[in-house]
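For reference, the structure is listed below as structure tokens.
Every heavy atom of this structure was used, including side-chain atoms; hydrogens, water molecules and symmetry mates were not.
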Amino acid sequence: DSAKKEDIWNMVNSDMVETLARQLASCEVDVIVFACTAGSFLGGPGWDEKLAKRISDAAGGIPATTTSTGLLEALKLTECKRINMATPYKDNVNVEEKHFIESKGVIIENLIGEQCELDTDIVKVTPNRFCETVMEMYERTPNVDGTFISCTNSRTIELIDILESKLGIRILSSNQVSLFSALRKIGYKGEVKKYGSLFQLL
């Protein structure tokens with residue numbers, strides 16, 4: 001599939017969102033996550049909440065959240081005001097993500113995107129490459145509060161604990177904040193290990 005802005009936008013505006021929400025509801029799930037970072041911010045500030053409502057309404061009231069919602073929750077709870085951001089996206093998507101996040105009062109000091117055209121290109125961006133990018137930005141601006149690695153198609157989970165220990169800042173990633181938001185929706189209070197210090201805030 002394409003990672004281009006217009007293709008992501010067409011996908012998230014299709015009635016497949018509601019169709020799939022109804023299918024998931026039939027499985028009697030406790031919460032539904034729209035696990036796509038770009039698809040949940042491209043509509044601008046507030047778009048993530050509208051998308052979650054569409055899903056919840058179609059699913060008969062089952063709680064729903066999105067990756068971007070989870071990110072905003074995580075940034076607020078961790079009190080991250082100045083961050084770096086690594087993404088696999090092209091610059092026209094990066095600009096939209098930067099605007100979405102900064103509309104909430106968070107400053108993005110450095111942003112590096114890998115300029116991927118396709119989802120299959122995104123999965124080829126290795127954890128080591130993301131690690132190098134995070135380190136490069138940290139060396140430029142070591143006094144940030146944290147770093148966000150974007151896209152649910154990015155391999156990042158194994159980096160979180162390593163980078164937090166090495167740099168002493170919060171490391172957030174799309175899959176991590178998506179899970180965090182889902183667990184908050186259902187009131188989960190158990191322990192979650194190896195996914196970063198964020199889960200201490202459940």
**Q.** From Lys90 atom NZ to Gln115 atom CD, the distance as rounded to the nearest 0.5 Å
**A.** 5.5 Å
Q.
Can you see whether Thr152 engages Ser174 through a side-chain donor-acceptor pair at a distance of less than 3.5 angstrom?
A. no
Q) Is Arg54 salt-bridged to Glu18, cutoff N-O under 4.0 Å? A) yes
Q. Does the pair Leu202 and Val192 meet the rule for a side-chain contact (heavy atoms from CB on, under 4.5 Å), with working shown?
A. CA-CA 9 Å; Leu202 278 175; Val192 179; 4.1 Å; yes
Q. With no hydrogens and no angle check, do the side chains of Ser150 and Thr87 hold a donor and an acceptor under 3.5 Å apart?
A. no
(Q) Students often mix this up, so state it plainly: with edges at 30° and 60°, are the rings of Phe41 and Tyr89 parallel, tilted or perpendicular? (A) perpendicular
Q.
Would you compute the distance between atom CD1 of Ile32 and atom CG of Leu20 and round it to the nearest 0.5 angstrom?
A. 9.5 Å
Q.
Tell me whether Arg155 is salt-bridged to Glu158, with the criterion being a basic N under 4.0 Å from an acidic carboxylate O.
A. yes
Q: Could you tell me whether a side-chain N or O of Thr141 sits under 3.5 Å from a main-chain N or O of Val144, the two making a donor and an acceptor?
A: no
Q.
Exactly one of Lys104, Glu97, His99 should register a side-chain contact (heavy atoms from CB on, under 4.5 Å) with Ile101. Which one does?
A. Glu97
Q | Glu109 side-chain N/O to Ile83 backbone N/O, donor-acceptor pair under 3.5 Å | A | no
(Q) Under 4.5 Å between side-chain heavy atoms, counting indirect links through other Ile/Leu/Val/Met/Phe/Trp/Tyr residues: same cluster for Ile157 and Ile122 or not? (A) no
Q. Are any side-chain N or O atoms of Ser154 and backbone N or O atoms of Thr156, one a donor and one an acceptor, separated by less than 3.5 Å?
A. no
Q: Find the distance between OG (Ser56) and CD (Glu49) and round it off to the nearest 0.5 Å.
A: 13.0 Å
(Q) Strictly distance-based, threshold 3.5 Å: is any side-chain N or O of Ser40 a donor or acceptor partner for the main-chain N or O of Thr37? (A) yes
**Q.** Same apolar cluster (I L V M F W Y, side chains within < 4.5 Å links), Phe199/Leu77
**A.** yes
Q. Roughly how far, to the nearest 0.5 Å, is the CD1 atom of Ile171 from the OH atom of Tyr138?
A. 9.5 Å
Q) Rounded to the nearest 0.5 Å, what separation is found between the CD atom of Glu102 and the CD1 atom of Ile108? A) 5.0 Å
Q: For Arg140 and Glu136, run salt bridge (charged side-chain N to carboxylate O under 4.0 Å, His left out): C-alpha distance rounded to whole Å, both residues' side-chain angles, the deciding distance at 0.1 Å, then the answer.
A: CA-CA 7 Å; Arg140 288 187 209 161; Glu136 178 185 337; 2.7 Å; yes
Q: Kindly compute the distance separating CZ (Phe100) from CG (Leu71), expressed to the nearest 0.5 Å.
A: 7.5 Å
